[in-house]
Protein chains: 2
Amino acid sequence: MLELRSLPTDCAARRSDSVCATCGARAFSVCSSLGVDDLAGLDAIAERVSLKSGEALIRQGESAVHLFNITSGSVRVYKLLPDGRRQITGFLFAGDFVGLATGQDYAFSAEAIEDATLCRFRKADYRALIRERPALETALLERATHELAAAQNQMLLLGRKTAQERIASFLLDLPERDPIRPTEAGHIRVPMTRAEMADYLGLTIETVSRGLTKLKTAGVIRLLSLNEMLVDRPERLRAIAEGEA
Amino acid sequence: MLELRSLPTDCAARRSDSVCATCGARAFSVCSSLGVDDLAGLDAIAERVSLKSGEALIRQGESAVHLFNITSGSVRVYKLLPDGRRQITGFLFAGDFVGLATGQDYAFSAEAIEDATLCRFRKADYRALIRERPALETALLERATHELAAAQNQMLLLGRKTAQERIASFLLDLPERDPIRPTEAGHIRVPMTRAEMADYLGLTIETVSRGLTKLKTAGVIRLLSLNEMLVDRPERLRAIAEGEA
DNA sequence: CGGCCATTTGATTGTCATCAAACTTTGTGG
DNA sequence: CCACAAAGTTTGATGACAATCAAATGGCCG
C-alpha cells in the first residue's frame, strides 16, 4: 500500500518552502522545518513515502516502529471509540512530525486527507541519531511544547465554546497552521471535508454546515467553493471565536 | 505571596517517593521524577516555593520567566474565555513540570488546589543547564510526548464522550496520575471540588453531581466522603468510560 | 447525461445547561 | 464544644442548543 523510494541525499540541503527539484516535494523539508542547518545524518536513515488521499500511515494499536515527517500534503490524526465515534485531534501539514510519542503501540491513527509525501524513519535509528545531535532534540522539544499549547487551546474549544465559536476559531487557526499560503489575504484553503471539520470540532456535519451558512449570511465570510473561503470581516470572526458576540 | 527558601542541596539525592527529611516534601522530587541520577546542577538554580490552596503560581498573560516542578500537592492548569468560562486543561501532581512551553508570555494560569510545594527555576538558567546535560532534555521530551498523548485522550473525551462517559473516564484516570497511592485498591483520592471536575470535563457542577449519584445508585462506586471514593465494580466503570454501555 | 456522494436545509428530539431550592460540610467565633 | 455563617453539593423543574432523523440540492466523475 505504501509506495516507497529512497530519500535523495540532497534533500538535506532544502531550506526554503519552494519545490524540491530532486524529490518533487513542495513546502518545508524535515530540515527546514526544524530550523537545523546540517542534518545530513537524517537522510541516511530516511525513506520517502507517497500517500494518496485517504491512505493510512499510522493505525491505532499497531506496533510503533516508525516516525514520520510530512513533506507535502495534509494528514488527519484521530482516535476512535469502540462504537465508531471519532475525534480528530489534529490536522498536520508539511513540516509536522507524526509518531514521536514514546510507547510500545500507536495510540492514534493517521491518514492523508489529500495526496501527501512523507519522510519515514525507524524510531530506533532516529533515537541513535539524536544521541549525537542535541540540536535535533532541542528542536523537537520546542515543537512538542508548541503542540501542547495548541492542544490546550483545543481543549478550551471542545470543553467550553459554542458551535458557532468553534467554527470561527477553526477558520482563524487553519491558515496559520497550513504552510501553503494562498495569494490573497483572507483566503482560506480548506483541504478537509465537513465531516472532518465536525470530528475535529466535536460537532456534527449538519451543525458545521449550518454554522458556515450563518457566517456567510452575516457577511463575515464568503464560500468560494467547498474547499475555499474568503474572510470579509476578520475582526468579526475573531470576536465570535472569543465569545464576545 | 510566595514563600521562598533556598533548596537544600541534598535534595538531588532523593530518588524515592518517600518524605524528604531535609525539605519536608512528600512524593517525587525533580530528580526522581525525571529518572536522572546526577542533577546537582539543578539544585544550584532552584528555589523552593510553598503555596496554600488557591494561590497562583502562573497567571495567563504574564511574562514567562519561571518554570516549576511540583514537589508535593496538586495544581490546576486552566484557560479562560473573556466572559469567564473556564477550561481546566490538566491537574498536575508531584513530579510534574509546569511552564515548559516556550513563548514570551504564559498562555494559561496555574493554581494550587491544595497546599503545595514546588521547585522554581528561571527559564534562562534552566536553558543554560540543559545545554550541558542532554539527559535532562531527553527526559523532558519524553514527558512532553506523554502529556501530548494525554491531551489527545482529553480531546476525545471532550469532543465525543457523553457526560456519564466523561465522569467514568475521569475516575479511572485520576488515581494513575496522582502519585499519592491510598492504602486500599479501588480507593480514589479526589483533591478537587465538583466545580473543578466540571471545568475539566466540560460539564456543569450539577451534571457532575448527578453523574456521580447515578454511578453510586448503580452500585459502581461508593462516595466515602466528598473527596474520597471507592470503586466497587471497576470493570463496569471501564465499560461506561469506553461507551460500551 | 446519469449516478453517487457530499453538502445544505428542514423538522423534531434528547442531553445537558440553567434556574431554583434544600441539604451537607467546613470553618469560625463565642 | 456548640452555634452559626458561608461555601460546596445534591436534587428538582424547566429550557436551549446541538444531535438526530429526513429530504432536497449541488458538485464531481465516469
Side-chain angles (χ1 to χ4, degrees), chain A residues 52-54 76 81 83-88 113-115 157-171 190-218 221-229 240 243 245, chain B residues 52-54 76 81 83-88 113-115 157-171 190-218 221-229 240 243 245:
Chain A
K52 289 204 287 293
S53 178
R76 61 174 173 242
L81 286 172
D83 64 3
R85 278 175 285 173
R86 179 176 72 166
Q87 178 66 38
I88 294 182
I113 62 174
E114 58 183 341
D115 293 356
L157 179 148
L158 293 169
R160 289 299 180 217
K161 288 190 181 180
T162 66
Q164 207 58 243
E165 288 161 9
R166 294 181 201 197
I167 294 165
S169 301
F170 178 71
L171 294 181
V190 185
M192 61 288 293
T193 65
R194 299 288 183 267
E196 287 163 343
M197 287 179 57
D199 282 351
Y200 180 65
L201 299 175
L203 301 170
T204 59
I205 297 172
E206 295 94 325
T207 300
V208 169
S209 180
R210 278 185 245 272
L212 290 172
T213 302
K214 202 168 163 186
L215 287 175
K216 186 183 72 177
T217 306
I221 63 171
R222 257 178 289 173
L223 304 177
L224 304 182
S225 79
L226 284 177
N227 301 311
E228 268 184 306
M229 304 183 188
I240 293 170
Chain B
K52 289 205 288 292
S53 178
R76 62 174 174 242
L81 286 172
D83 64 3
R85 278 174 286 173
R86 179 176 72 166
Q87 178 65 38
I88 294 181
I113 63 175
E114 58 184 341
D115 292 357
L157 180 149
L158 292 169
R160 288 301 180 215
K161 289 190 181 180
T162 66
Q164 207 59 240
E165 289 162 7
R166 294 182 201 196
I167 293 165
S169 300
F170 178 70
L171 294 181
V190 185
M192 61 288 292
T193 65
R194 299 288 183 268
E196 286 163 342
M197 287 179 56
D199 282 351
Y200 180 63
L201 298 175
L203 301 170
T204 60
I205 297 172
E206 294 94 324
T207 300
V208 169
S209 180
R210 278 185 246 271
L212 290 172
T213 301
K214 202 168 166 188
L215 288 175
K216 186 183 71 177
T217 306
I221 64 171
R222 259 178 288 173
L223 305 176
L224 304 181
S225 79
L226 284 176
N227 301 311
E228 267 183 305
M229 302 181 190
I240 293 170

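Residue numbers start from 1 in every chain, and the chains themselves are labelled A, B, ... in the order their sequence lines are given, proteins ahead of strands.
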- prompt: Can you name the closest pair of heavy atoms from A:Arg160 and B:Arg85 and give their distance?
  reply: O-NH1, 2.9 Å

message: Is it the case that the side chain of A:Asp115 and the backbone of A:Lys52 share a donor-acceptor pair, with hydrogens and angles ignored and the cut-off at 3.5 Å?
response: no

field: Closest nucleotide among C:dC16, C:dT25, C:dT7 to the A:Leu226 side chain
entry: C:dT7

message: From C-beta outward on B:Thr204, which listed nucleotide comes closest to its side chain: D:dT9, C:dT18, C:dT9?
response: C:dT18

- request: Rounded off to whole Å, could you give me the CG-to-P distance for the B:Asp199 and D:dG8 pair?
  value: 13 Å

Interatomic distance, A:Asn227 CG vs C:dT8 P [rounded to whole Å]: 10 Å

- prompt: Below 4.0 angstrom from OP1 or OP2 of C:dT8, is there any side-chain N or O of A:Arg194?
  reply: yes

query: Of all the choices, C:dT9, D:dA13, C:dC16, which nucleotide is nearest to the side chain of B:Arg210 once you look at every atom?
result: D:dA13

message: By the 4.0 Å heavy-atom rule, please label B:Ser209 as base, sugar-phosphate, or nothing.
response: base

- line: Regarding the side chain of A:Leu203, the nearest nucleotide among D:dA18, D:dT9, D:dA22 is D:dA18

Separation of D:dA7 C1' from B:Glu196 CD (nearest whole Å): 13 Å

message: What contact category does A:Gly202 fall into here, base, sugar-phosphate, or nothing, at under 4.0 angstrom with non-hydrogen atoms?
response: sugar-phosphate

- request: Please tell me which of the listed nucleotides, D:dT10, C:dC19, C:dT7, lies nearest to the side chain of B:Glu206?
  value: C:dC19

Approximate separation, where rounding is to 0.5 Å, of A:Gln87 CD and A:Leu81 CG: 9.0 Å

- line: Regarding the side chain of B:Thr207, the nearest nucleotide among C:dT9, D:dT9, C:dC16 is C:dC16

